Protein chains: 2
Amino acid sequence: MKRDSRLSSVLHALLHMAANDGPMTSEALAHCMHTNPVVVRRTMAGLREAGLVRSEKGHNGGWTIACDLSEVTLRDIHMALGEPAVFAMGNRNETPECLVEQAVNAALDDTFHEIETLLMERFGRLTLAQLAEDFARRLAAYRQKMGNEQNAI
Amino acid sequence: MKRDSRLSSVLHALLHMAANDGPMTSEALAHCMHTNPVVVRRTMAGLREAGLVRSEKGHNGGWTIACDLSEVTLRDIHMALGEPAVFAMGNRNETPECLVEQAVNAALDDTFHEIETLLMERFGRLTLAQLAEDFARRLAAYRQKMGNEQNAI
DNA sequence: TTTCATGTAACTTTACATATTACATGATGG
DNA sequence: CCATCATGTAATATGTAAAGTTACATGAAA
């Protein structure tokens, strides 16, 4: 598995929650995502702290969306997850004395910083509502092709 | 240590080689980079295969630059290294049956692909010669400030 | 008061770059 | 020729961070 699929995971979870009335348990979400309820709780914790979702204990408890899907972007989700590292590459040594390495670091830092900014802008233009719409389109196409089964979710 | 500092490492090595007449041994490069000669050989192997550097065995052997620094860009280096993964994030499951996950993957794939293209364009505009010039500027500034010691490399 | 569900700490597993060890190959100088 | 230097590479170990697992505490609702 690739490293750090948290963004992918929570987006998947959020869209399932959006397609569902009422709360979804960590167990149910874990089942959708072929993982463990504890992983779900751990990963979703950041979104709860950011106020994007709510969690309730006890009977009929679970996770519910607490935001407007058209107002929340992937950038918000990324931030709620604690802004994990975007790039798999980095400097070998962040505080080199060697002037050669300082020049290399400066060039790479500039580049990666600039590109990360572009990524964040791109994320900032992608709302959860857009993802949900794309899913709806895929579901419609699937139903048209396959008949009317419900097992696409 | 952050993951995958190979690009940073080989750039550091190349600039040291550029600043040196005659071949540099893996041992010498490893000393500059605070690592092991075997790591140097392994990392530089891709550059050799791409024809960017040459290596010679025996007495007076070692690594030499085999390209025009003003013609080679970071993109060439990245490719010579085997185009390692750029992003630390990725999809949880690359071939999902779930339509929700397919929609999420499609959005993330598009985004990351677009941003990776921008990064490669940026890399393609950054030559080794530019890095070497920046190092030269830093060295001049250092000498002006510190006197004329030679130990900046 | 039992059951359901989350919250979280502690620990294990997995993946991957990096580090290390060991040994083969080949070039050069004497 | 051969001792030495240097690369080439396979095999193995280590470090790190996400993901997975186990265990148990907390709190809400039937």
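Values below: all heavy atoms of this structure, side chains included; hydrogens, waters and symmetry mates excluded. In this text the structure is predicted, and so the values were computed from the model without any measurement. In the text below, chain A, chain B and the rest are named by the order of the sequence lines, each starting its count at 1.
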K.L.:
For B:N60 and C:dT28, is the shortest distance between a side-chain N/O and OP1 or OP2 below 4.0 Å?
P.N.:
no
K.L.:
So what does B:D4 touch, heavy atoms closer than 4.0 Å: a base, only the sugar-phosphate, or nothing?
P.N.:
sugar-phosphate
K.L.:
Can you confirm whether A:M89 sits close enough to B:H78 that some side-chain heavy atom of one is under 4.5 Å from a side-chain heavy atom of the other?
P.N.:
yes
K.L.:
Heavy atoms, side chains only, cut-off 4.5 Å: are A:L128 and A:L11 in contact?
P.N.:
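When only atoms from C-beta onward are counted, A:L11 and A:L128 do touch, with a gap below 4.5 Å.
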K.L.:
With DNA chain C as reference, determine whether A:G62 or B:K57 sits nearer its 5' end, using the nearest nucleotide of each.
P.N.:
A:G62
K.L.:
Rounding to an integer number of Å, can you tell me how far B:M33 CE sits from C:dA19 C1'?
P.N.:
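Spelled out: CE on B:M33 to C1' on C:dA19 is 13 Å.
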K.L.:
Side-chain contact, heavy-atom cut-off 4.5 Å: B:D76 with B:E71?
P.N.:
no
K.L.:
On DNA chain D, does the nearest nucleotide to A:T35 precede the nearest nucleotide to B:R48 from the 5' side, or the other way round? Give the residue.
P.N.:
B:R48
K.L.:
What is the separation between atom CG on B:L47 and atom P on D:dG8, rounded to the nearest whole Å?
P.N.:
12 Å
K.L.:
Roughly how far, to the nearest 0.5 Å, is the CZ atom of B:R42 from the CG atom of B:N36?
P.N.:
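Answer rounded to 0.5 Å: 8.0 Å.
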K.L.:
Pairs under 3.5 angstrom, nitrogen or oxygen only, protein versus nucleotides 10-14 of chain D, please.
P.N.:
unit_1 : atom_1 : unit_2 : atom_2 : d
D:dA11 : N6     : B:R42  : NH1    : 3.3

K.L.:
I need the NE2-P distance between B:H59 and D:dC2, as an integer number of Å.
P.N.:
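Rounding to the nearest Å, NE2 of B:H59 and P of D:dC2 are 16 Å apart.
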K.L.:
For a quick test of reading the model: is some side-chain N or O of B:S5 closer than 4.0 Å to OP1 or OP2 of C:dT18?
P.N.:
yes
K.L.:
Is any side-chain N or O of A:R92 closer than 4.0 Å to OP1 or OP2 of C:dT18?
P.N.:
no
K.L.:
Looking at A:R41, I'd like to know whether one of its side-chain N or O atoms comes within less than 4.0 Å of OP1 or OP2 on C:dT8.
P.N.:
no
K.L.:
With side chains defined as the heavy atoms from C-beta onward, is the minimum distance between A:S55 and A:W63 less than 4.5 Å?
P.N.:
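In short, these two side chains touch, coming nearer than 4.5 Å.
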K.L.:
Between A:R92 and B:M33, is there a donor-acceptor pair closer than 3.5 Å when you use the side chain of the first and the backbone of the second?
P.N.:
yes
K.L.:
What's the CG-P distance between A:L7 and D:dA19, to the nearest Å?
P.N.:
11 Å
K.L.:
Between atom CG in B:N93 and atom P in D:dA19, what is the gap in whole Å?
P.N.:
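Checked: the CG to P distance equals 13 Å.
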K.L.:
Could you tell me how far apart A:E56 (CD) and D:dA29 (P) are, to the nearest whole angstrom?
P.N.:
7 Å
K.L.:
Compile the donor-acceptor pairs under 3.5 Å between side chains in residues 99-110 of chain A and protein atoms, sequence neighbours left out, one pair per line.
P.N.:
unit_1 : atom_1 : unit_2 : atom_2 : d
A:Q102 : NE2    : A:P96  : O      : 2.9
A:Q102 : NE2    : A:E97  : O      : 3.3
A:N105 : ND2    : A:N93  : O      : 2.8
A:D109 : OD1    : A:N91  : ND2    : 2.8

K.L.:
Kindly say whether B:Q130 contributes a backbone atom to a donor-acceptor pair with the side chain of B:T127 at under 3.5 angstrom?
P.N.:
yes
K.L.:
Establish, with yes or no, whether the OP1 or OP2 oxygen of D:dA6 is under 4.0 angstrom from a side-chain nitrogen or oxygen of B:S26.
P.N.:
no
K.L.:
Round to the nearest Å and state the distance from B:L29 atom CG to D:dT7 atom P.
P.N.:
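Distance, rounded to whole Å: 8 Å.
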K.L.:
Find the distance B:E27:CD to C:dT20:C1' and express it as a whole number of Å.
P.N.:
14 Å
K.L.:
Is the phosphate of D:dA19 approached by A:R3 (side-chain N or O, under 4.0 Å from OP1 or OP2)?
P.N.:
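No, outside the criterion.
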K.L.:
Of the listed nucleotides (D:dT21, C:dT18, C:dT6), which one gets closest to any side-chain atom of A:W63?
P.N.:
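The closest nucleotide is C:dT6.
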K.L.:
Would you indicate what A:R54 reaches in the nucleic acid, counting non-hydrogen atoms under 4.0 angstrom: base, sugar-phosphate, or nothing?
P.N.:
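No contact.
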K.L.:
To the side chain of A:T25, which of D:dT7, C:dA5, C:dT18 is closest?
P.N.:
C:dA5
